[in-house]
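Step one of this worksheet: look at the structure below.
Naming convention: chains lettered A, B, ... in sequence-line order (proteins, then strands); numbering from 1 in each chain.
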Amino acid sequence: MHSFIHLYTLMEKTYNPEQIEAKYRSLWEDKNLFSSDSNSTSENAYCIMLPPPNVTGSLHMGHAFQHTIMDVLTRYHRGKGEQTLWQPGTDHAGIATQMVVERQLAAQDITRHDVGREKFIDKIWDWKEQSGGTITSQMRRLGTSVDWERERFTMDDGLSDAVHKVFIQLYNEGLIYRGKRLVNWDPVLHTAVSDLEVISTEEQGSLWHMRYPITGTDEVMVVATTRPETMLGDSAVAVHPDDERYTHLIGQTIDLPLTDRKIAIIADDYVDMEFGTGCVKITPAHDFNDYEMGQRHDLDIINILTDDAKINDTVTSAYTGMDRFDARKQMVKDLDEQGLLEKIEPHTLMVPRGDRTHSVIEPYMTDQWFVKVAPLAKPAIDAVKNGDIRFIPENWNKTYYNWMDNIQDWCISRQIWWGHRIPAWYDNDGNIFVADSLEDAQAQAGEGVTLRQDDDVLDTWFSSALWPFSTLGWPEQTPQLSRFYPTNVLVTGFDIIFFWVARMIMFGLKFAGDVPFKDIYITGLIKDGQGQKMSKSKGNVLDPIDLIDGISLDDLLVKRTQGMMQPKMAAKIKKQTQGEFPDGIPSFGTDALRFTFAALASFGRDIKFDLKRVEGYRNFCNKLWNASRFVLMKLEGDSIDAKATLSTSDEWILSRLQATKANVEKHLEDYRLDLMSQELYEFVWHDYCDWYLELSKPLLADDATKAGTQATLLKVLNEILTLLHPIIPFITEEIYEQCCTLTGKDSESLMTQAYPKVEQNLISPQAEEEVKWLQTFILGIRQIRGEMNIPPSKPLPCFVQNTNDSDQRCLNTHSQVLNSLAKLESIDQLNINDEAPESATALVGEMKVLIPLAGLIDKDQEAARLNKEIEKLNKQRVQFAGKLNNEKFVSGAPEAVVNKEKEKLASVENAIADLSTQLEKIAKL
RNA sequence: GGGCGAUUAGCUCAGUUGGGAGAGCAUCGCCCUUACAAGGCGAGGGUCACUGGUUCAAGCCCAGUAUCGCCCA
């Protein structure tokens with residue numbers, strides 16, 4: 001028992017998220033409460049690796065969503081007393097970041113080549129210093145409780161060492177090799193990109209039908225192509241071996257138009273006889289399928305393009321130096337003039353574009369570095385198959401297998417400057433020395449040999465793939481590595497399963513000797529209200545910070561349309577935005593946004609983001625705020641007796657609380673944050689606020705029950721705060737502090753409070769039963785009021801009839817509560833034979849609750865209401881009776897089910913009988 | 001073409017061992033009741049996409065159809 005030391009400072013009537021959030025953001029960090037050193041003696045460790053966002057990026061809705069999920073999990077485990085590390089950091093994002101700086105240079109009309117490699121890289125570092133704090137400060141706004149002291153960057157020294165070590169080992173084991181292969185070439189960036197960085201979309205194009213003359217005859221073969229310019233590099237024409245139209249031509253040659261070359265006519269069952277004319281031109285140097293076929297048939301590989309995707313001079317032609325698309329036009333024209341163009345059909349085709357530049361990607365022969373993936377993939381597939389790693393939701397493992405089973409070697413070299421430079425040196429004879437440093441390479445090559453380092457850098461995802469162990473200090477065997485690896489869960493979107501997740505699994509198993517994480521929680525993708533992907537070009541992007549702080553329509557319009565190239569598009573976006581947010585966006589506060597994200601975190605693929613939801617959860621925060629205000633007001637000036645006798649209502653809310661805790665626990669275990677937040681929402685709003693706080697009012701007015709109620713109000717509020725804290729940390733922390741001030745409790749932070757456990761001894765079926773009775777009683781009366789439009793302020797007299805022992809007990813105990821909550825002026829008992837006044841009726845089990853009409857209630861109206869009620873019950877009766885009359889059901893279903901059905905029927909029949917009698921009475925009047 | 005997913009109230013979505021269809025928002029009444037009008041109380045609203053099957057019993061399991069969407073080729 002402790003008494004209050006100061007008078008409770010009155011809380012504002014409406015909560016103000018802005019003030020609260022600012023207060024705790026710095027406070028938590030100042031007190032080092034996110035540190036992974038806390039709870040270091042705990043038996044359990046818990047670790048989440050933050051998927052490192054682009055260092056120069058900014059926080060978008062997807063980040064905010066996933067960060068909320070991770071923060072809920074982190075704060076929950078921290079609250080359970082586990083040593084918890086949420087590892088933050090950022091990614092250097094090679095191409096993306098380099099492009100930003102190149103664009104800045106372009107504005108001054110210079111290229112990176114004008115600047116030179118070293119200076120250019122310095123410029124990028126400068127840019128990183130300048131803008132690198134954006135995303136981390138936005139994360140702080142969200143309240144993400146990462147261990148900031150352990151923040152890492154993929155190009156930190158330690159992480160770079162890990163990259164070297166991995167590269168060298170893979171090379172030495174023959175799992176990294178260099179070779180000339182057909183790769184996806186971005187002609188704007190002048191670099192190879194991986195398959196994953198190429199986005200193919202349907203575009204309107206043409207199918208050109210070209211006549212290829214057969215050598216020495218008047219015959220032609222008509223080949224159809226979507227890229228006529230590649231004909232310069234044709235090595236053959238292929239037909240299907242079973243295609244009788246062309247069997248006689250197999251083995252003959254074609255005089256390739258616009259060139260002086262002859263190419264073979266070959267047969268291959270890859271050819272689709274139905275498509276076009278059934279004849280396919282084969283260009284091994286510029287098409288992946290053709291390349292395969294070229295390998296099968298030992299065809300020439302004729303590269304016709306330059307790095308800029310202009311026609312080169314390999315093939316003597318009139319098109320050398322022309323851009324491929326200009327050459328296309330010219331060649332089509334020339335073919336037409338020579339009578340070699342059969343027709344042009346409109347055609348939708350899949351056009352591959354770079355995910356960064358959106359330029360058309362060309363398959364292109366170049367020297368590149370590759371990871372031989374198959375040997376690494378095998379154990380990575382097994383890890384999921386044998387359950388070491390679990391996808392959540394489970395069906396993503398199919399997507400994973402699908403990709404892993406058909407995995408291609410990974411092109412890891414990029415012809416850009418920003419990134420980890422490939423640790424390989426060449427001598428003048430082209431010998432390769434892979435080493436940690438020039439010195440090591442020199443040692444390998446021998447004194448006096450001139451070495452030149454490879455110009456390329458590694459794919460960004462190469463270093464990201466090491467993230468789960470490189471951030472923990474690998475290759476050193478650090479205490480953190482042994483404590484936190486393997487990590488518990490990876491939270492990420494399905495869009496990077498291939499880019500990142502699969503590669504982390506492969507490298508984790510290979511180098512850290514274990515899976516990098518046990519669970520992979522694949523979240524949905526946040527879409528706009530119409531289900532559209534949010535993108536700058538669509539102008540439908542929402543900035544999480546704008547939802548927190550609010551934004552005026554004007555500012556939002558500027559934000560969404562600035563930098564728009566097409567004024568038409570800008571106008572459209574403007575209109576759309578005005579329609580959707582006529583008054584801009586109000587400020588909802590971080591907690592409301594976080595609650596929304598948690599509530600949206602179901603297992604669906606797409607999450608349509610609806611502002612109305614945020615508003616609803618903002619209201620929830622306000623509700624919680626005001627409920628707390630109420631509790632504190634009712635506690636003020638008194639001392640709390642934790643051992644005071646409890647009323648049934650107290651026992652009831654405590655019992656409900658236990659069920660809530662159990663469910664929250666379960667939902668968290670299942671990663672169902674939507675169900676978790678729903679559970680808490682319902683408990684707080686509907687059990688605690690709607691019922692318990694109302695019940696507490698008469699109980700607080702009674703000295704016999706006051707102390708117990710006060711203790712219970714506070715206990716439940718405190719646990720609510722702790723339970724909600726992982727989702728809405730700011731408001732709960734503030735209320736907690738107010739509670740501490742009031743009760744004189746000395747506590748550092750809600751964050752360090754133990755997460756409440758289920759207390760079995762507080763589960764009380766009897767209290768739940770009794771309050772259920774109370775609720776039914778009150779609801780019955782409210783319904784009569786509601787339907788008869790009797791104001792809630794009007795006190796009503798009430799009679800009860802046909803009571804049993806337990807009804808009597810309840811009436812004795814709870815009459816005061818009933819009077820208060822149902823606003824009754826009296827409750828009088830009638831014997832079963834007593835003549836009741838003309839009344840509206842409600843049923844509580846077998847007991848009748850009667851509200852005399854007495855001029856207040858229209859009898860026709862009551863008759864109509866009863867009729868409706870009876871009709872409803874009748875529908876149920878028919879359903880239950882139908883089942884029970886079914887012999888097969890009675891004999892086939894388990895006895896318990898049949899009995900339950902019988903009970904339901906009996907209860908419905910009773911109710912119908914009671915209400916019908918009442919209806920008759922009323923009708924007679 | 002292959003794989004995956006979706007289809008439940010006007011809207012957004014829950015519904016996990018098969019056993020009386022739910023929430024939030026929106027709508028319609030009544031209420032400014034001393035925690036909260038960002039609120040309270042009450043009400044209306046569904047052939048669970050369609051067809052068939054398994055079962056005593058199907059929103060849920062199975063097969064197929066339709067529409068929409070995503071991923072891979």
Side-chain angles (χ1 to χ4, degrees), chain A residues 11-15 195-196 200 272 288-289 350 393-399 401-403 405-406 494-495 497-498 524-525 527 529 531 533 586 588 592 596 599-600 602-634 666 670 672 674-675 678 681-682 685-686 689-690 693-694 696-697 713 778-779 781-795 820-823 865 868 875-877 879-880 882-884 886-894 896-898 900-901 903-905 907-908:
Chain A
M11 289 167 79
E12 301 276 339
K13 202 166 169 180
T14 308
Y15 99 107
D195 299 343
L196 294 171
S200 292
D272 179 359
F288 289 99
N289 288 316
M350 297 301 279
E394 203 177 13
N395 39 297
W396 285 109
N397 57 17
K398 286 192 185 151
T399 308
Y401 294 141
N402 212 330
W403 190 66
D405 288 340
N406 304 300
F494 56 78
D495 48 337
I497 290 181
F498 306 145
L525 254 35
K527 305 288 182 77
K533 201 172 163 177
F588 292 115
T596 310
L600 290 174
S602 64
F603 285 172
R605 269 183 191 208
D606 292 330
I607 294 160
K608 285 184 206 169
F609 194 84
D610 180 4
L611 222 55
K612 281 286 183 190
R613 291 290 287 265
V614 194
E615 192 184 331
Y617 296 121
R618 189 268 321 261
N619 295 353
F620 174 78
C621 290
N622 192 50
K623 187 80 179 172
L624 176 66
W625 181 262
N626 278 293
S628 310
R629 210 160 66 91
F630 170 81
V631 172
L632 295 183
M633 277 165 66
K634 294 298 179 187
K666 181 186 173 298
D670 298 340
R672 288 301 302 266
D674 58 329
L675 299 181
Q678 194 190 337
Y681 181 99
E682 255 161 47
W685 199 309
H686 297 124
C689 292
D690 285 350
L693 293 194
E694 293 308 319
S696 79
K697 288 173 186 173
L713 279 169
I778 294 162
L779 287 171
I781 293 184
R782 279 185 192 161
Q783 194 184 27
I784 292 170
R785 274 187 199 276
E787 303 227 342
M788 303 305 166
N789 285 349
I790 302 170
S793 52
K794 171 92 188 161
S820 164
L821 268 68
K823 192 86 180 173
R865 193 183 72 89
K868 200 176 71 184
K875 272 187 196 157
Q876 290 183 24
R877 190 188 58 81
Q879 207 177 344
F880 303 146
K883 264 191 180 177
L884 287 163
N886 183 347
E887 191 107 359
K888 284 180 184 167
F889 171 72
V890 179
S891 58
V897 174
V898 177
K900 201 177 155 199
E901 214 66 20
E903 275 172 36
K904 288 191 284 189
L905 180 62
S907 123
V908 164

### Query
Does K794(A) offer a backbone N or O that forms a donor-acceptor pair with the side chain of R785(A) under 3.5 Å?
yes
note: K900(A), atom NZ; C56(B), atom P; distance rounded to Å ~ 20 Å
Rounding to an integer number of angstrom, what distance separates G10(B) and G3(B) when you compare their C1' atoms?
35 Å
Rounded to whole Å, CH2 of W403(A) lies from P of C71(B) at a distance of 16 Å
Provide the distance between the two P atoms, one in A66(B) and one in U51(B), to the nearest whole Å. 15 Å
ask   = Considering only the P atoms, how many Å lie between U33(B) and G39(B), rounded to the nearest integer?
value = 16 Å
Requested in this report: Take atom C1' in U47(B) and the same atom in A73(B), then report the distance between them in whole Å.
Outcome: 41 Å
task: Look at atom NZ of K527(A) and say whether more than 12 heavy atoms of other residues, nucleotides or ligands are closer to it than 6.0 Å.
output: yes
Between CD of Q678(A) and P of G15(B) the distance, given in whole Å, is 9 Å
Q | G42(B) phosphate, OP1 or OP2, under 4.0 Å from R782(A) side-chain N/O | A | yes
Next on the checklist: Tell me whether R877(A) contacts the main-chain N or O of L905(A) through its side chain, where contact means a donor paired with an acceptor under 3.5 Å.
Outcome noted: no
Taken to the nearest whole Å, CD1/I497(A) to P/C4(B) is 14 Å
(Q) Roughly how many Å apart are U8(B) and C50(B), using the C1' atom of each and rounding to a whole number? (A) 14 Å
Nearest-nucleotide check on RNA chain B, G529(A) vs E787(A); residue mapping nearer the 5' end is G529(A)
- G45(B) and G29(B), which share atom name C1', separated by this distance in whole Å: 15 Å
Mind checking the P distance from A9(B) to G46(B)? Whole angstroms is fine.
10 Å
With a cut-off of less than 4.0 Å, is there a side-chain N or O of N402(A) near OP1 or OP2 of C4(B)?
no
Output for pair (Y617(A) OH, Y681(A) OH), nearest 0.5 Å, gives 6.5 Å
Closest to the 5' end of RNA chain B, once F603(A) and Q876(A) are matched to their nearest nucleotides, is F603(A)
What I want to check is whether an N or O donor and acceptor connect the side chain of Q783(A) with the base of G42(B) at under 3.5 Å. no
*Could you tell me whether the phosphate oxygens of G15(B), OP1 or OP2, come under 4.0 Å of any side-chain nitrogen or oxygen in R672(A)?*
yes
Margin query: Can you check the distance between C31(B) and C13(B), where both ends of the measurement are the P atom (answer in whole Å)?
Written below: 36 Å
dist I607(A):CD1 -> L525(A):CG (nearest 0.5 Å) comes out at 8.0 Å
With sugar-phosphate meaning primed atoms plus P, OP1 and OP2, does K608(A) contact a base, only sugar-phosphate, or nothing at under 4.0 Å between heavy atoms?
sugar-phosphate
So, is K634(A) near the phosphate of U34(B), with a side-chain N or O under 4.0 Å from OP1 or OP2? no
Is the backbone N or O of R618(A) less than 3.5 Å from a side-chain atom of N622(A), with the two atoms forming a donor-acceptor pair by type?
no
inquiry  = Can you tell me if S602(A) touches the phosphate of A14(B), counting only side-chain N or O atoms and a distance under 4.0 Å to OP1 or OP2?
reply    = yes
Base of C4(B) paired with side chain of K398(A) (donor-acceptor, under 3.5 Å):
no
